[in-house]
Amino acid sequence: MSLQQLRDESDFDQLPHNVAVTATIADIEEKKGFIDYYRFVIEVKTKGGSKYFIYRRYREFFTLHQTLESKYSPEESDRQGQNTCPLPPLPGKVFLGNKREIAEGRIPELNTYMKRLLGLPAWFLLDDTLRMFFYQTDQDSQQQPRALRRLRPQTRKVMFDFRGNGKEELNLKKGEVIFLLQRVNADWLEGTVNNQTGIFPQSFVKIIKPLPDSNTEGEGEGHTYSCLRCFLLTPSGVDTRDVCVEEELTTQPTYKDLLFHMRNVFKVNDIALNYRDMEGDLIRVVDDEDIQLMIKESRGQESKIKRPVNQFPWELYVTLASDFSVYNTEL
């Protein structure tokens, strides 16, 4: 059933004005946290005509789809006495490849998925899980999109042909129009053309329409980074790193994300995570409950240790997984 057909239904007319009726991906943004990932910037329009942005990861789409399937698939619906509803297919998980390319490639499929999902019968749009997914949370409303490539007007026109050197640089032909993303430095810009994203020299293009002053060419949009101090302890010595991530100091990371991140930081796979307890002994971390205990104990020591205001109150001690000599084994 199309959206226009839904609008003609009296059931649709009875829906609340804040129910989402259309959603379109405006851009993707990279989030550099304990594990780097891309999230989709989605413009949502409601039945009442309001518009707002929400930020969702692919795994949130996946969780939404699983929940809806558990409610409305024929098998589950018959068991629970609910209505059945054929759901549109969700693009599958991708386990290998460049994260940005994977996210970019998912945009058309996810746009189609949301269009079909919000085009289902009016009663389906009242599902609590669906409404919560498209609801603008306080966290969504406090964020400002960095660039809206798929919504913004065209801003740069190519004046001369340009052949890029390497994968990061765009190939441009005279007359093409580029959507600007941000300024890289005084001479280079980043943009997208022909579904390709990369950098290019400013001298090769002509400004058609500048970006709004509130977001002029991406300048002045610095992120607030938090610093995590971590140590790699090996028989040959200690390697100390201050790792910056786009995470709030109150964030509790998962064990899996921290382990993955530390493997990338120190370029060592066979490692174990640890923290120091109140007595100064190393305690090995093996799951999320240990992470929670680590954070709780470190906060109890905050008054004793002076740290920069943007540094996490806890520190990570990374050891080789097979090295048990670092632990106090005295009884």
Side-chain angles (χ1 to χ4, degrees), residues 29-39 55 57-60 62-63 93-100 102 139 142-143 222-331:
E29 291 185 353
E30 185 177 16
K31 179 73 173 176
K32 292 183 176 294
F34 295 110
I35 183 169
D36 298 348
Y37 60 87
Y38 281 88
R39 60 184 184 177
Y55 302 77
R57 297 178 63 176
Y58 171 79
R59 72 180 185 185
E60 292 175 279
F62 188 80
T63 300
K93 290 184 176 182
V94 179
F95 298 97
L96 297 174
N98 179 277
K99 291 183 179 180
R100 184 183 185 93
I102 292 172
Q139 186 176 8
Q142 292 169 5
Q143 300 180 66
H223 307 296
T224 300
Y225 287 92
S226 297
C227 179
L228 169 62
R229 177 155 292 180
C230 50
F231 309 87
L232 175 64
L233 310 181
T234 65
S236 60
V238 180
D239 183 359
T240 304
R241 302 283 183 91
D242 283 330
V243 180
C244 291
V245 295
E246 292 180 36
E247 299 283 3
E248 296 180 359
L249 295 178
T250 56
T251 300
Q252 179 176 316
T254 66
Y255 166 76
K256 182 179 179 181
D257 286 353
L258 271 184
L259 183 63
F260 181 86
H261 197 56
M262 289 301 103
R263 283 170 174 165
N264 284 336
V265 168
F266 292 110
K267 307 302 180 186
V268 181
N269 287 324
D270 190 24
I271 59 173
L273 305 184
N274 310 266
Y275 69 93
R276 290 201 183 277
D277 64 9
M278 301 288 282
E279 287 72 38
D281 295 327
L282 279 187
I283 306 297
R284 181 168 286 197
V285 176
V286 296
D287 56 27
D288 289 345
E289 289 186 4
D290 288 340
I291 296 291
Q292 187 175 5
L293 182 60
M294 173 188 73
I295 294 174
K296 181 180 179 181
E297 289 209 7
S298 64
R299 285 174 178 162
Q301 304 177 48
E302 282 185 279
S303 59
K304 303 177 183 178
I305 304 174
K306 296 291 184 181
R307 288 192 175 95
V309 294
N310 68 325
Q311 185 172 312
F312 285 95
W314 44 275
E315 298 174 339
L316 271 184
Y317 292 82
V318 181
T319 60
L320 301 179
S322 58
D323 184 9
F324 293 94
S325 65
V326 296
Y327 304 108
N328 181 3
T329 57
E330 295 182 6
L331 298 177

Residue pair V285 / I291, side-chain heavy-atom distance below 4.5 Å
yes

Can you find a pair of side-chain heavy atoms, one from Y317 and one from R276, that are under 4.5 Å apart?
yes

Between C230 and V243, does the side-chain contact (heavy atoms from CB on, under 4.5 Å) criterion hold? Intermediate values first, please.
CA-CA 7 Å; C230 50; V243 180; 3.6 Å; yes

Donor-acceptor contact present, side-chain D290 to main-chain V286, <3.5 Å
yes

Quick one: sort the F312 and F34 rings into parallel, tilted or perpendicular, breaks at 30° and 60°.
tilted

Side chains of Q311 and L228: does their closest heavy-atom pair fall under 4.5 Å?
no

When every non-hydrogen atom of P313 is compared with those of R299, the smallest separation belongs to CG-CG, 4.4 Å

Minimal heavy-atom distance between N269 and R263, with the atoms involved, is O-NE, 3.0 Å

If I take atom CG from residue L282 and atom CZ from residue F324, how far apart are they, to the nearest 0.5 angstrom?
12.5 Å

Can a donor-acceptor pair be found, under 3.5 Å and without considering hydrogens, that links the side chain of S298 to the backbone of M294?
yes

If you round to the nearest 0.5 Å, how far is CZ of R100 from CD1 of I102?
13.0 Å

When rounded to the nearest 0.5 angstrom, what distance separates CG in D281 from CE in M278?
12.5 Å

To the nearest 0.5 Å, how far apart are NZ in K31 and OH in Y37?
5.5 Å

Apply side-chain contact (heavy atoms from CB on, under 4.5 Å) to residues H261 and D257 and explain how you reach the verdict.
CA-CA 6 Å; H261 197 56; D257 286 353; over 6 Å; no

Nearest heavy atoms of L273 and L316, plus distance in Å
CB-CD2, 4.4 Å

Quick check against the 3.5 Å criterion: does R39 have a side-chain atom that pairs as donor or acceptor with the backbone of Y55?
no

Within a strict 4.5 Å, meaning less than it, do heavy atoms of the D239 and F266 side chains meet?
yes

Within 45° of the six-membered ring axis of F62 and under 6.0 Å from that ring's centre, is NZ or CZ of K93 located there?
yes

Return yes when atom NZ of K296 has more than 12 non-hydrogen atoms of other residues, nucleotides or ligands closer than 6.0 Å, and no otherwise.
no

Using the rule given for side-chain contact (heavy atoms from CB on, under 4.5 Å), can you reason through E297 versus D277, listing the C-alpha separation, both sets of side-chain angles and the distance that settles it, and then say yes or no?
CA-CA 7 Å; E297 289 209 7; D277 64 9; 3.6 Å; yes

With no hydrogens and no angle check, is any side-chain donor or acceptor of E60 less than 3.5 Å from a backbone partner on R57?
yes

Can you list the steps and then say if V238 with L232 is a side-chain contact (heavy atoms from CB on, under 4.5 Å)?
CA-CA 6 Å; V238 180; L232 175 64; over 6 Å; no

For A321, is there any backbone N or O sitting under 3.5 Å from a side-chain donor or acceptor partner on R284?
yes

Relative to F231, does R241 satisfy both conditions: NZ or CZ under 6.0 angstrom from the six-membered ring centre, and within 45 degrees of the ring's axis?
no

Any side-chain heavy-atom pair from L320 and L233 closer than 4.5 angstrom?
no

Can you tell me if T319 and N274 form a side-chain donor-acceptor pair at under 3.5 Å?
yes

Can you tell me how far OH of Y255 sits from CG of D287, rounded to the nearest 0.5 angstrom?
8.5 Å

CD1 of I295 to OG1 of T251: how many Å apart, nearest 0.5 Å?
8.5 Å

Looking at E315 and R229, does any basic side-chain N land under 4.0 Å from a carboxylate oxygen?
no

